[in-house]
Amino acid sequence: MNRLNVELPGLKMKNPVMPASGCFGFGQEYAEFYDLSVLGAVAVKAATPETRRGNDTPRVAETESGMLNAIGLQNPGIDHILAHELPWLEKYDVPLLANIAGKTKEDYVLVAERISDATNVHALELNISCPNVKEEGLQFGSDPQMAAELTRAVKAVSSLPVYVKLSPNVTDIAGVAAAVEEAGADGLSMINTLMGMKIDIRTGNPILANKTGGLSGPAVKPVAIRMIYEVSQRVSIPIIGMGGIYSAEDIIEFFMAGASAVAVGTANFSDPFACPDLIKDLDRLLEEMEVSHISELTGRSWNKWEPNLSSSR
Amino acid sequence: MNRLNVELPGLKMKNPVMPASGCFGFGQEYAEFYDLSVLGAVAVKAATPETRRGNDTPRVAETESGMLNAIGLQNPGIDHILAHELPWLEKYDVPLLANIAGKTKEDYVLVAERISDATNVHALELNISCPNVKEEGLQFGSDPQMAAELTRAVKAVSSLPVYVKLSPNVTDIAGVAAAVEEAGADGLSMINTLMGMKIDIRTGNPILANKTGGLSGPAVKPVAIRMIYEVSQRVSIPIIGMGGIYSAEDIIEFFMAGASAVAVGTANFSDPFACPDLIKDLDRLLEEMEVSHISELTGRSWNKWEPNLSSSR
Amino acid sequence: MKKENLTVISQENLAPRIYRMKLKGESVRSMLTPGQFVHLKLGGRHPLLRRPISICDVEEDQLSIIYRVEGQGTSMLAEKKDGDTVDALGPLGEGFPITPSDDTALLIGGGVGIPPLYYLAKQLYDKGKRVKIILGFRRQEEMFLTEAFSRFGEVFVTTENGSCGTRGFVTDAIAKAGEFDVFYTCGPKPMLRAVEKAAGTNGYISLEERMGCGVGACLACVCDLKEAETDKSYVKACKDGPVFQAGEVVL
Amino acid sequence: MKKENLTVISQENLAPRIYRMKLKGESVRSMLTPGQFVHLKLGGRHPLLRRPISICDVEEDQLSIIYRVEGQGTSMLAEKKDGDTVDALGPLGEGFPITPSDDTALLIGGGVGIPPLYYLAKQLYDKGKRVKIILGFRRQEEMFLTEAFSRFGEVFVTTENGSCGTRGFVTDAIAKAGEFDVFYTCGPKPMLRAVEKAAGTNGYISLEERMGCGVGACLACVCDLKEAETDKSYVKACKDGPVFQAGEVVL
Ligand SMILES: Cc1cc2nc3c(=O)[nH]c(=O)nc-3n(C[C@H](O)[C@H](O)[C@H](O)COP(=O)(O)OP(=O)(O)OC[C@H]3O[C@@H](n4cnc5c(N)ncnc54)[C@H](O)[C@@H]3O)c2cc1C
Ligand SMILES: Cc1cc2nc3c(=O)[nH]c(=O)nc-3n(C[C@H](O)[C@H](O)[C@H](O)COP(=O)(O)OP(=O)(O)OC[C@H]3O[C@@H](n4cnc5c(N)ncnc54)[C@H](O)[C@@H]3O)c2cc1C
Ligand SMILES: Cc1cc2nc3c(=O)[nH]c(=O)nc-3n(C[C@H](O)[C@H](O)[C@H](O)COP(=O)(O)O)c2cc1C
Ligand SMILES: Cc1cc2nc3c(=O)[nH]c(=O)nc-3n(C[C@H](O)[C@H](O)[C@H](O)COP(=O)(O)O)c2cc1C
Ligand code: FES
Ligand code: FES
């Protein structure tokens, strides 16, 4: 019996686990460890119109139960991604969620339009929340109006489902979520990283060359759970949950908070086999818990009535 | 030589370490472990006009490198605090920072006015950021205008220096900081807890009776450091830094980010001797680092010129 | 109330996931009252908070505790080897009072609520009281301490599936145990509620509440008083308890 | 590139804070190239990330590493006892190439940049190359491996305080070492810059960059290429390196 398959707009997934954008490159590296077809989906690294060099190094710093990163959206640009990275992934039976970033609305529209032609891209993920890029991206994530407008503009040029990746660095994340839903978003991804910093006390300088960076890993999980709990009660589009997932129990917690699928980021760095191991563990845990299908758990923390039988399985 | 004494508005401190509000009651319990006069100051538990029962239990849940709490501002009310709690503390040679909370501006003004008469209260700390109390407090913390107005109202009734305790659950903490400085705040305390949640996967319910709670402990330190780094460059009033302090190295990091004193919360629960141990370790570490006075380190991560010689020592 | 690194001197598996650990240290000499607990810090910073565990027995400078492996903290406890140390804060809280006027005591324990009653049974017995003990388990395989208790008085076992003793819950054995002057109970909340209902008000109840500080400072562990006093409407399980008079607090 | 729990077979203190650890496991048999590294996971979830450590020597299924205790990860490594295991991912990265046309190799190592050069010296020597070795330390007490290296060639020591060998930095011994065809260097960045300046371009440099994944996925460890190629302006230290041709990347 299959307890794990889920279907989200555009994404027919064997299981609800995908690597998170930026934590898996375009898959090549992890393909040396396992067959990528075992994954539910792959969220590929952010694409921008032009080649991006990213920030200076150091770009990562470890914190208690977490890490900071300030990669700065380094990527080879949409042309190269279309010509080399995405075609390489075609040999795997796995849907792609294409993460898109940019400086302006026009940037997002351009990348969305072009990347939608790739046959293995099944949905778009608008990264309106990357905190590591100066004077761009971020304001889209903190302003409901701008986020909605961006969503509308991208929806207008692409027939693919659009997921908006929300920033946790805001006063009212549910407000942003509601605004993008209203603007036509098909799903949400949350959360992106929390803005943080670490100082090397021997030098007095921030460890990251960019000074601030995005906090990810188990440290942020309670914040992610709270936000998904809040947003899932406010919107009716599905949520891809992420932020500190390291165990199958964590995945169940994200579902119970309100997620319909999950993404795994930092855990890949601790263990390259994180995703396939989580998928196996999750299946076993659901069996132990006598849960007949993972999607029954979505929103269980607030939705006390019977499982929604119309949900995909 | 004394490397540790610092002077902040209203607070002449032997050393820069105080227990954080809500994590030390009114001192009685920890006085069974050590002499409270060794502390730089004590931030006492929040006072409200009336007796508060607080939230249902469970009120705490552990997370990775952190904890969630939803005490709900339980306190015996200003009358009882003035009659019993503060007088008991008079036998110690330590200045008090009185934490104040309320539902309305009038609540804050009332408590501020009355508590200012206590002889051992040397400064006020406006808790505009407690995330565990429904429909109150929080909106003061997320709206710069309301925070400023509240600050002004309290300043009008009390001659004591006023510290405003900022919420990290906002898009633009520096905006709130600048607004309260403009309104006459003498200092800032930051950060209060991040809103979070944890679900018990065996039951599907949030562990806390209040569902959401405030995240504290080492997990949040990178967020605190980032916010202090940002705010200290924007305002010129001193900052009492807090959020995950567990070691003397952490204290140095908070100073380098921009703090002029620190508060220690959760660490007291892990070890009742946390504060006196930190004070000793800090002195030793400064000696090792050949720092002649702790206040030289304030803002070192962004302030690369010579130490400000006019700073207190 | 001291903080000390106690030394592990033995570790024994009593039943599935149930262990008895003996620890040695000077502060143990002050652990005189049954029902008090120690607050254990495991593993440096992970987990972050201490874990409350009841005092099960004390002999001079040796402390016995009995614990069930539940999560990270108790798993780390189970991994300790002889000679390792455990950072223990204690004794904490108010324990069971021994009331001179009561001659026969009924002790009612369920699961890991049983350990503190052992030290209590021993002290009652040493004081010449008559002791009766009801011990509730889920099933026979999970039983522990039943023989040790029989040194101090008659033991009545209940198991949920009837695999040993009376089938059902501890309350199903109260009638069988017969008369008593005072009762003492410790176990999960639903059990405490049932016992309070069945056994009356001359008794003492030990509560398990999630704790933060364990010393009375954080207000994590409060319970409402059934009848609020003028200045006090609640108590702290860690400091005013974990033992309360039956009927004193809202369960 | 495998993940395996290697078994600790010995641990030795070589100098203050410097340890040599020997580990055993099947995956070690594939660790053939000097300059490659293993990525070690210590202590479950704390610390969260792996730690890169160079391969210092390999004999059949036995790996030697030499490390300096810096922070949490290396402290935990130092606490390992014989029989404990260490989760190791490796071999990772591209190591030092041995170029057939070059007869005399100059190896220049500073501090914990020295260990990977040991395995290299051994292989060069086994291939019949002439090997000269410059080893830089801060002071005499911190020296290690100098005798072991002398099996493979002439060793020149430098110490910053002059307590042994040439006073100064590794670059101060290059002239003394005389002629060479190719150089190999590993050490802190300022040293690498100085060496690149002093020793020319026929050589190889091993870089230490802070890493996230260690396998090329996170882009934590990128270095700019001095001359960007059409499709490529940067390299990843973990995957394309840590060894690069002198002059290839911006230091
Ligand atoms: C006064 C008192 C005395 C106790 N005496 C004993 C004893 O003698 N033997 C024994 O086996 N257990 C006892 N317990 C329960 C014991 O404290 C928990 O089983 C233990 O804390 C679980 O920790 P963990 O890390 O293994 O589990 P986790 O579930 O990982 O713990 C997570 C958090 O929840 C708290 N928690 C989990 N379960 C409980 C619980 N039942 N009560 C209170 N807090 C809990 C933990 O302290 C920790 O903060 C006692 C509890 C209290 C309050
Ligand atoms: C390819 C490579 C090979 C290495 N080989 C060796 C070796 O053979 N022997 C040896 O002693 N050291 C070596 N190092 C350095 C070693 O990785 C660090 O000293 C170690 O990671 C410090 O970890 P920690 O937890 O003790 O220190 P912490 O300072 O607590 O580490 C915190 C974080 O910073 C990173 N970090 C700290 N210092 C360095 C550093 N110098 N380089 C890269 N990351 C760092 C850690 O990996 C960790 O993520 C190598 C580094 C690299 C990149
Ligand atoms: C090194 C790194 C790079 C990331 N790059 C991106 C990115 O390009 N686009 C994006 O939307 N999110 C990016 N993220 C955020 C992750 O996709 C994810 O939202 C976040 O890390 C929380 O999940 P985790 O705790 O499992 O890592 C990145 C995270 C890390 C750690
Ligand atoms: C149990 C608990 C109760 C708290 N109560 C208060 C309070 O009454 N008023 C307040 O301003 N902050 C309160 N706080 C927040 C702390 O003062 C502090 O800002 C926060 O915990 C971060 O510091 P830490 O990580 O060192 O604990 C409380 C925190 C905890 C953990
Ligand atoms: S646990 Fe802190 S008051 Fe009881
Ligand atoms: S460490 Fe992740 S790409 Fe090199």
Side-chain angles (χ1 to χ4, degrees), chain A residues 61 63-68 131 138 141-143 167-172 194-206 211-213 215 217-230 244 246 248-257 285 289 297 299-304, chain B residues 61 63-68 131 138 141-143 167-172 194-206 211-213 215 217-230 244 246 248-257 285 289 297 299-304:
Chain A
T63 66
E64 295 255 354
S65 295
M67 66 175 277
L68 293 166
L138 191 54
S142 29
D143 184 61
S167 167
N169 302 297
V170 298
T171 310
D172 178 21
L194 276 168
M195 243 171 45
M197 184 164 118
K198 183 174 179 176
I199 295 169
D200 182 342
I201 66 164
R202 285 168 305 187
T203 63
N205 296 326
K211 297 187 171 80
T212 62
L215 183 64
V220 310
K221 197 185 70 171
V223 175
I225 294 291
R226 185 270 291 184
M227 290 183 161
I228 292 169
Y229 175 80
E230 219 175 84
Y246 263 69
E249 285 79 5
D250 293 340
I251 296 178
I252 304 269
E253 194 179 351
F254 273 84
F255 268 78
M256 288 175 160
L285 181 59
M289 292 173 72
L297 300 179
R300 186 57 72 84
S301 63
W302 51 266
N303 174 354
K304 286 300 172 191
Chain B
T63 67
E64 295 254 354
S65 295
M67 67 175 277
L68 292 166
L138 191 54
S142 27
D143 184 61
S167 167
N169 302 296
V170 298
T171 310
D172 178 21
L194 275 169
M195 245 176 36
M197 185 163 119
K198 182 175 180 177
I199 295 170
D200 182 342
I201 66 162
R202 284 168 306 185
T203 63
N205 296 325
K211 297 187 171 82
T212 61
L215 184 64
V220 310
K221 198 185 71 172
V223 176
I225 294 291
R226 184 270 289 182
M227 289 182 163
I228 291 169
Y229 174 81
E230 220 174 82
Y246 262 70
E249 284 80 4
D250 292 339
I251 296 178
I252 305 269
E253 194 179 350
F254 273 84
F255 267 79
M256 288 175 159
L285 182 58
M289 291 173 72
L297 300 179
R300 186 59 71 87
S301 62
W302 50 266
N303 175 351
K304 287 300 172 194

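Within every chain, numbering begins at 1; the chains are lettered A, B, ... in the order of the sequence lines, protein sequences first and strands thereafter.
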message = Could you go through A:Lys198 and B:Glu253, starting from their C-alpha distance and side-chain angles, then the distance that decides it, and tell me whether this counts as side chain to side chain contact (heavy atoms under 4.5 Å, CB included)?
response = CA-CA 8 Å; A:Lys198 183 174 179 176; B:Glu253 194 179 350; 3.7 Å; yes
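In this structure, CD on B:Glu249 lies 13.5 Å from CD1 on A:Ile199, to the nearest 0.5 angstrom. From B:Asn169, atom CG reaches atom CG of A:Asn169 across 10.5 Å, with rounding to the nearest 0.5 Å.
A:Ser65 approaches B:Ser65 most closely through the heavy-atom pair OG-OG, 2.6 Å.
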Could you list the donor-acceptor pairs under 3.5 angstrom formed between side-chain atoms of residues 222-230 of chain A and any protein atom two or more places apart in sequence or on another chain?
unit_1: A:Arg226; atom_1: NE; unit_2: B:Met195; atom_2: O; d: 3.2
unit_1: A:Arg226; atom_1: NH1; unit_2: A:Glu230; atom_2: OE2; d: 3.2

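Both the backbone and the side chain of A:Met256 come within less than 4.5 Å of a heavy atom in chain B. Using a 4.5 Å cut-off between heavy atoms, A:Leu215 touches chain B through its side chain atoms alone.
The salt bridge (Lys or Arg N to Asp or Glu O under 4.0 Å) test applied to A:Asp200 returns A:Arg202, not counting sequence neighbours.
For the set B:Pro168, B:Ala257, B:Ala219, the entry with the most heavy-atom pairs within less than 4.5 Å of chain A is B:Ala219.
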